[in-house]
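Attaching a single structure in structure tokens format; questions to follow.
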Amino acid sequence: MDKIAMTTPLVEMDGDEMTRVLWQMIKDELILPFVDLKSEYYDLGLKNRDETDDKVTVEAAEATRRYKVAVKCATITANAARVKEYGLKEMWKSPNGTIRSILDGTVFRTPITVNGIEPYVRTWKKPIVMARHAYGDVYKASEMSIPGPGTCELVYKAADGSTASELIHKFDGPGVVQGMHNLDSSIYAFARSCFAYALEMKMDLWFASKDTISKKYDQHFKLIFQEIYDNEYKEEFEKNGIEYFYTLIDDAVARVVKSEGGFVWALKNYDGDVMSDLVASAFGSLAMMSSVLVSPHGYYEYEAAHGTVQRHYYKYLKGEKTSTNPIATIFAWSGALRKRGELDGNAALMNYADKLEEASLAVIESGLMTGDLAAISTLPDIKTLDSESFIKAIRAKLAELLA
Ligand code: NAP
Ligand code: MG
């Protein structure tokens, strides 16, 4: 069989630990035998980030702006323990944070559904896509402990020297305060990414926050979403028979649980963090979730939603076989290759990406799966495989589908 040709490279960001091991297996077994892969490779493994003073992360993000499509392996976010473990020069920042701030976007996470892995919510028939704003709020907040009686204010000093202030609280005793912010540029980018994604997927878009209580902050998000919808997307949404609506977050939560699924749910940073873990777990497993960062400038970065699966890696280092689930990482590759195909008008590459996903799910539905899925599957005959055997089973199915 001739290998599928590519015209433009995609950006490949390698990572750490167990997912780095899976990365190589996926390339060797599922990609290189079928595709004449063109990729610009960046090693975001912690050792190389340290050796390059983390310049490699910035270079990888900049390459993504040039090529528009990237696929990223899970990476370690350094903490004190990792500084010691790897003898790091510094406690490097989260690569995801660095990349997001350069590409400026929204993270979309979609459960990968398959027969035999049932959602815990009985009414859910279709995936719920989570759209999480990835900038600001509590993730970039300043906090202070208040030791005793006194007054706390928010103070804004304008560039022209004028000031404005707002009383936070007059404390009679000890307490705590927090100041957080967001930027119009980032909120507009968030809104545009959500509308563009919903339109591409032909799904309704919901946006929820707490504007009845947060009358300036959350209200600001709500007004920007409405402005972008009215001015830029209303016509296209109506033409495609899809809907945008805003509702309060508590109302949204109640509706989501009673829904059939099949929509995009946009949320502010913290709400998105919490709700996407809830929705992913309720659909079955974090390893069955695809994740893509979509920037309003037309850049796409595909990744797995989970981490580097450290506990499995230490077993692997001891020479033990692990049953780590590669599905989210496979879907990062298929997502990136499909997008590459779409941008380049490469139908063969898009077809390959579809077949890779089809083969992966077919293997699970045939009863062959990794341990995390075997523990929750409702199929009658299940065989638990180690990662390598599972990937080889997918390769056999893929070869059959492409023949
Ligand atoms: P994790 O890698 O998500 O794994 C947590 C646990 O979830 C695992 O121990 C495993 O449970 C289960 N799990 C996750 N993915 C799995 C898979 N593909 N197959 C089977 N089981 C899976 O989180 P972590 O171990 O807490 O974090 C490890 C490193 O990942 C940290 O250094 C963190 O900074 C990094 N991280 C990176 C990203 C990213 O790059 N996107 C995201 C999150 C975390 P059992 O052990 O019970 O089998
Ligand atoms: Mg989280």
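For ligands, and for the atoms within them, numbers begin at 1 and follow the listed sequence. Side chains are part of it too, since the values below use all heavy atoms of this structure and drop only hydrogens, waters and symmetry mates. What you are looking at is a predicted structure, and each value in this text was computed from that prediction instead of being measured.
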Item checked: Heavy atoms from other residues, nucleotides or ligands near CG of D381 exceed 12 (cutoff 6.0 Å) -> no

Checklist line | Atom indices of ligand 1, in the order listed, that fall short of 4.0 Å to a heavy atom of T77 | finding: 32 (O), 34 (O)

Note to self: Any nitrogen or oxygen of A74 lying under 3.5 Å from a nitrogen or oxygen in ligand 1? Just yes or no.
What the structure shows: no

Next item on the list: Can you spot which of W206, F245, W124, Y197 makes a ring-ring contact (aromatic ring centres under 6.0 Å, His included) with F263?
Entry: W206

Note to self: Would you call the rings of H181 and Y135 parallel, tilted or perpendicular, taking 30° and 60° as the class edges?
What the structure shows: perpendicular

Next item on the list: Check the pair E357, S334 against side chain to side chain donor-acceptor pair (under 3.5 Å), reporting the backbone distance first and the verdict last.
Entry: CA-CA 7 Å; E357 292 179 0; S334 58; 2.6 Å; yes

Notebook entry, point to check: So do M201 and F108 actually touch side chain to side chain, heavy atoms under 4.5 Å?
Noted result: no

Check: Among protein heavy atoms, which sits nearest to atom 11 (O) of ligand 1, and what does the distance come to when rounded to 0.1 Å?
Finding: H312 NE2, 4.3 Å

Check: At under 4.0 Å between heavy atoms, which part of R311 makes contact with ligand 1: side chain, backbone, both or neither?
Finding: side chain

Notebook entry, point to check: Is at least one protein non-hydrogen atom found at under 4.0 angstrom from atom 42 (C) of ligand 1?
Noted result: yes

Checklist line | Sub-4.0 Å atoms of ligand 1 with respect to non-hydrogen atoms of Q310 | finding: 25 (O)

Check: Which ligand 1 atoms, with their elements, are less than 4.0 angstrom from a heavy-atom of N96?
Finding: 39 (C), 40 (O), 41 (N)

Checklist line | Aromatic centroids of H133 and Y270 separated by under 6.0 Å | finding: no

Next item on the list: Using the salt bridge (Lys or Arg N to Asp or Glu O under 4.0 Å) rule, pick out the option among K47, R82, R311 that qualifies with E17.
Entry: R82

Next item on the list: Tell me whether the centres of the aromatic rings in F331 and Y302 are closer together than 6.0 Å.
Entry: no

Next item on the list: Measure the distances from the heavy atoms of R82 to every atom of ligand 1 and state whether one is below 4.0 angstrom.
Entry: yes

Item checked: Contacting atoms of ligand 1, where contact means under 4.0 angstrom from a heavy atom of I76 -> 32 (O), 34 (O)

Check: Looking at F237 versus Y244, is the centre-to-centre ring distance below 6.0 Å?
Finding: no

Notebook entry, point to check: Which residue and non-hydrogen atom of the protein lie closest to atom 8 (C) of ligand 1, and at what distance in Å?
Noted result: V309 CG1, 3.8 Å

Check: Among protein heavy atoms, which lies nearest atom 28 (C) of ligand 1, and at what distance?
Finding: T308 OG1, 3.3 Å

Margin query: I need the atoms of ligand 1 closer than 4.0 Å to a non-hydrogen atom of K72, numbered in the order shown.
Written below: 40 (O)

Next item on the list: Check whether any protein heavy atom sits under 4.0 Å from atom 19 (N) of ligand 1.
Entry: yes

Item checked: From CA spacing to verdict: salt bridge (charged side-chain N to carboxylate O under 4.0 Å, His left out), K222, D218 -> CA-CA 6 Å; K222 174 183 167 177; D218 283 17; over 6 Å; no

Margin query: Which of the numbered atoms in ligand 1 are under 4.0 angstrom from any heavy atom belonging to T324?
Written below: 17 (C), 18 (N), 19 (N)

Note to self: Is the shortest side-chain heavy-atom distance between F171 and V177 below 4.5 Å?
What the structure shows: yes

Notebook entry, point to check: More than 12 foreign heavy atoms under 6.0 Å from NZ of K93: is that the case here?
Noted result: no

Note to self: Heavy atoms only, cut-off 4.0 Å: how does T329 contact ligand 1, side chain, backbone, both, or neither?
What the structure shows: neither

Next item on the list: Can you pull out the closest protein heavy atom to atom 15 (N) of ligand 1? Residue, atom name and distance to 0.1 Å, please.
Entry: H306 CG, 3.4 Å

Check: Would a search of protein heavy atoms around atom 5 (C) of ligand 1 find one under 4.0 Å away?
Finding: no

Note to self: Under a 4.0 angstrom heavy-atom cut-off, which atoms of ligand 1 come close to A287?
What the structure shows: 17 (C), 18 (N)

Next item on the list: State whether any protein heavy atom lies less than 4.0 Å from atom 36 (N) of ligand 1.
Entry: yes

Margin query: Could you check whether atom CD of E320 has more than 12 heavy atoms from other residues, nucleotides or ligands sitting under 6.0 Å from it?
Written below: yes

Check: Under 4.0 angstrom from atom 48 (O) of ligand 1, is there any protein heavy atom?
Finding: yes

Notebook entry, point to check: Of all the non-hydrogen atoms in the protein, which one sits nearest to atom 40 (O) of ligand 1, and at what distance?
Noted result: T75 N, 3.0 Å

Check: If hydrogens are left out, which of S323, A78, S387, G307 has an atom nearest to atom 1 (P) of ligand 1, that is, the closest non-hydrogen atom?
Finding: G307

